[in-house]
Participant: 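The structure that follows is given in the form of structure tokens.
All chains are named by letter (A, B, ...) in the order of the sequence lines, taking the proteins before the strands, and each is independently numbered beginning at 1. All heavy atoms count here, side chains included; hydrogens, waters and symmetry mates do not.
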There are 2 protein chains.
Amino acid sequence: MVRRIINEACGERERAERRAAIRSGRIGASLTTGLHARAITASRRSPEPPCPCARSRSRIGDRRMRPERGKDGTMGSRVTAQQVADLAGVSRSAVSRCFGDGQVSEETRRRIMAASQTLGYRPNAIARSLTGQNTGLIALLLAEIDNPYIDLVLKKLLLAIAEADKRALVIPETRQHDLTGSTMHALDYQADAIVVLGGTVSDHVVEQLRGLDTPVFQFGRQGGGLGGVACDNEMGGRMGGRFLVQSGRRRIAYITKAAATDANRRRRAGFAAALEAAGLPVLEGVAQDNGFEGGYQAATRLFSAPEPPDALFCFNDIMALGALQAAATFRLRVPEDVAILGFDDIPMAGWPAFGLSTVRPNLDLQIGKLMAMLLEIYEGAPARRTVDLVQPDLVVRRTAA
Amino acid sequence: MVRRIINEACGERERAERRAAIRSGRIGASLTTGLHARAITASRRSPEPPCPCARSRSRIGDRRMRPERGKDGTMGSRVTAQQVADLAGVSRSAVSRCFGDGQVSEETRRRIMAASQTLGYRPNAIARSLTGQNTGLIALLLAEIDNPYIDLVLKKLLLAIAEADKRALVIPETRQHDLTGSTMHALDYQADAIVVLGGTVSDHVVEQLRGLDTPVFQFGRQGGGLGGVACDNEMGGRMGGRFLVQSGRRRIAYITKAAATDANRRRRAGFAAALEAAGLPVLEGVAQDNGFEGGYQAATRLFSAPEPPDALFCFNDIMALGALQAAATFRLRVPEDVAILGFDDIPMAGWPAFGLSTVRPNLDLQIGKLMAMLLEIYEGAPARRTVDLVQPDLVVRRTAA
DNA sequence: CTGAAAGCGCTTACAG
DNA sequence: CTGAAAGCGCTTACAG
């Protein structure tokens, strides 16, 4: 055992005296006394001879080279709970309880709120995170950064997270099979959960993420033992295939990039099943990429064949738009000569210029389910391990009817 | 003065003894001794009779209901610097220095790195933020959430921020004239800087942000006394106008939504100046919105007039695409009958389907300049107060030549 | 180069 | 309901 002598108690005593004074009405809790309170605090912090902490304080105060108080009287976020406590004549604990979910008397709450108002106090979320139950941060791992569908997902998710009063730490992950150092750093912020957006990330990365002690969810991706939500891609493929078959098409092609992402495999499987049920083969349309050019070129190749297809089902809308352009180049009438069907229902698909028929994932429902899973962990529930599949809708516009 | 007796020193002594043992070679710094070290730590934390902190610890340990050690041997991020220090036989300070920019001897660094490796230690960024110079967080205030150009900006900025080893806290701001509570909360995370993306946010919001003690920058917006970067919109407007004039157009319209955003005002001013220099008037094309439909309808109205324009300069590419569609509806040849010019050069503009001529902001240069400003504040420089204008380029494709 | 101590701004049992 | 104390996981002068 060792005894240590701590000399900050004088400040404590001053504070207690002041509290008594405020309560007895000898001093009012006004801005003026607030300044007074600050003077007391300061004297506590740097007794003569000036103690080391004074040096340290000023350095930190300096670090952003801004005054403690804004020119317009609003305070910067440097006001601390102690300052509020001093001005209100209560303890720091009371202030904490008042801003947290603790019990505070009406009178105390009133004083604290008034003081906070005056000083412009807002609790430091970082300090809160260090000691509290959670950080309020949700890390969004953006795997497919140039997928316009993911753009949509990201925006809706950002809105939903803000709505739930959480914060989004957005991390662009440029590697597919490993985590970048930048991502690792972002993960050091103790996010309450991680959401992997998009289907291109490898199972290995998912495995790495599972090694962390943070719940991980996936959006638009299945497998890897992670919970999450996804569009029922197989169902979507089946819906598309069935629709084309029923509208009398016989030479039906599926256009996609060769790479076997999970979403692609499933859409294709459902599609193939639908054609097979009708005794039809799947014509192959291989694209260089999953973008406009890819769709354009794959369709061009198909249209140049001796027996061109009478229907195209494209892995996504952008490719379908490329295919649409190819059809125009070949002077094919859409949908009379060739039906074109996309997937995703990006905003552009609905533009009158295109009138693209497509399979629309129920994005809002997916986001809703994901948010529910996310919020469950704040209730102390263990992270889900299953992927919730959400059924898409067929949107019939002009390009396939 | 008050004397306080602190009983944690026993743990300290044990630690010191152990350090000596490790150094003298009596114990090796292996995984096994690592577990041993943890046992010591544990005994320090809960001496018999079990002290209160044991309770508190277990609660916090429980809070995520995960074991201290993953099934595959990887550690969760719950390993602390103290554990590494114990295993390496050094002080917590040494570990901190090793992961920070402090001075550490080669041997010490080796031991610490080995121990960290074994335990899977990564410094807790939140704790670091609380005590360190900065948080490494950059708040991105996303004002125009459905502007596809801002999508592009956001992605590039996310990449640049990750590249600079900073983290992006992305905040969707749905209100134009005030900050939402959600945004206020996000700002409580002590971001090192705030970047306002997009031009639609009001000066009042900018004023509120300036009240915080965090440097604020703006992207694609001028005024309000905030530093930042923006496309030289006036110059862009002038380039567009001059180009149309020089290609022989005489009845030139400017299409935009009536609302007077800053970018709109400037583009229009430059454009009008170019036409005026040629003695030409600006034909007005008023749109409902700044999207595809808006462009389509405004163009439709212009084409229906007794003397339709022979050139359209649109506020942005999406509107220009709408106008292009309107031209097709009117069976107008582009560019022979009517030239169409956009602004932004979104990826779609370059698709062969459109071949949209447009004014291209130099996005990479803008991002580069913004990042430079952002990084300056980490050097202790005061936030810049001026907006750097970056000159755009004219991209001539098929719709105006 | 190194360790002990103090501190960052909060929260949370604990004991009134 | 309230305050004093301990603690969250780090960093950083300070004094060797």
Participant: Verify side-chain contact (heavy atoms from CB on, under 4.5 Å) between B:Leu141 and B:Leu209, making sure each step is shown before the conclusion.
Facilitator: CA-CA 10 Å; B:Leu141 200 62; B:Leu209 292 173; 3.8 Å; yes
Participant: For the side chain of A:Leu130, counting heavy atoms from C-beta on, which of C:dC1, D:dC10, D:dC8 is nearest?
Facilitator: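 Minimum distance to the A:Leu130 side chain belongs to D:dC8.
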Participant: Given D:dT11, D:dT2, C:dC10, identify the nucleotide with an atom nearest to the side chain of A:Ser105.
Facilitator: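 The answer is D:dT2, which lies nearest to the side chain.
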Participant: Nearest to the side chain of A:Arg92, which nucleotide is it out of C:dG3, D:dA4, C:dT11?
Facilitator: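 Looking only at heavy atoms from C-beta outward on A:Arg92, the closest nucleotide is C:dT11.
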Participant: In sequence, state the C-alpha distance, the side-chain angles, and the governing distance for A:Glu107 and A:Arg111, and then conclude on salt bridge (charged side-chain N to carboxylate O under 4.0 Å, His left out).
Facilitator: CA-CA 6 Å; A:Glu107 166 63 6; A:Arg111 310 178 71 90; 3.1 Å; yes
Participant: Between the base of D:dG7 and the side chain of A:Thr131, is there a donor and acceptor pair under 3.5 angstrom?
Facilitator: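 Yes, the side chain and the base share a sub-3.5 Å donor-acceptor pair.
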Participant: In whole Å, I'd like the distance from the CG atom of A:Asp101 to the C1' atom of C:dA13.
Facilitator: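 The distance from CG of A:Asp101 to C1' of C:dA13 comes to 14 Å, rounded to the nearest Å.
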Participant: Within less than 4.0 Å of OP1 or OP2 of C:dC10, is there a side-chain N or O belonging to A:Tyr121?
Facilitator: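 A:Tyr121 to C:dC10 OP1/OP2: side-chain N or O found under 4.0 Å.
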Participant: Under 4.0 Å between a side-chain N/O of A:Gln133 and OP1 or OP2 of C:dT12, yes or no?
Facilitator: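 It does, given that an N or O in the side chain of A:Gln133 lies less than 4.0 Å from OP1 or OP2 of C:dT12.
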Participant: Can you figure out which of C:dC1, C:dC10, D:dA4 approaches the side chain of A:Arg97 most closely?
Facilitator: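 Selected nucleotide: D:dA4.
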Participant: With a 4.0 Å cut-off on heavy atoms, is A:Val104 in touch with a base, just the backbone sugar-phosphate, or nothing at all?
Facilitator: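 Sugar-phosphate contact only.
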Participant: Can you check the A:Glu106 CD to D:dC1 C1' distance for me, whole Å?
Facilitator: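 Those two atoms, CD and C1', are 12 Å apart.
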Participant: What is the nucleic acid contact for A:Ser93, judged by heavy atoms within less than 4.0 Å: base, sugar-phosphate only, or nothing?
Facilitator: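 Base: the residue A:Ser93, judged by heavy atoms under 4.0 Å, touches a nucleobase.
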Participant: Nearest to the side chain of A:Thr108, heavy atoms from C-beta on, is which of C:dG3, D:dC1, D:dC8?
Facilitator: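 Comparing C:dG3, D:dC1, D:dC8 against the side chain of A:Thr108, the answer is D:dC1.
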Participant: Would you sketch DNA chain D in dot-bracket for me? Only Watson-Crick or G-U wobble pairs with both distances under 3.5 Å count, crossing pairs as [ ], other-strand pairs as |, the rest as dots.
Facilitator: |||.||||||||.|||
Participant: Expressed in angstrom and rounded to an integer, what is the separation of B:Gln82 atom CD from D:dC8 atom C1'?
Facilitator: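 Taking atom C1' of D:dC8 as the reference, CD of B:Gln82 is at 13 Å.
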Participant: Considering only C:dC10, D:dG3, D:dG9, which nucleotide approaches the side chain of A:Val90 most closely?
Facilitator: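 Nearest to the side-chain atoms of A:Val90, counting from C-beta on, is D:dG3.
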Participant: Please report the distance, rounded to the nearest Å, between CZ in B:Arg122 and P in D:dG9.
Facilitator: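 Result: 17 Å.
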Participant: Looking across every strand, which nucleic acid part, if any, lies under 4.0 Å from B:Ser96 by heavy atom: base, sugar-phosphate, or nothing?
Facilitator: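 Base contact.
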Participant: Taking for each residue the nucleotide of DNA chain C with the nearest heavy atom, is it A:Ala81 or B:Ala94 whose nucleotide lies nearer the 5' end?
Facilitator: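 Its nearest nucleotide lies further toward 5', so the answer is B:Ala94.
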Participant: Should A:Leu137 and A:Gln190 count as side-chain neighbours, where that means a heavy-atom distance under 4.5 Å?
Facilitator: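 No, every pair of side-chain atoms sits at 4.5 Å or beyond.
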Participant: Taking the same atom, C1', in D:dG16 and in D:dT12, what whole-Å distance lies between them?
Facilitator: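 Result for the C1' pair: 16 Å, nearest Å.
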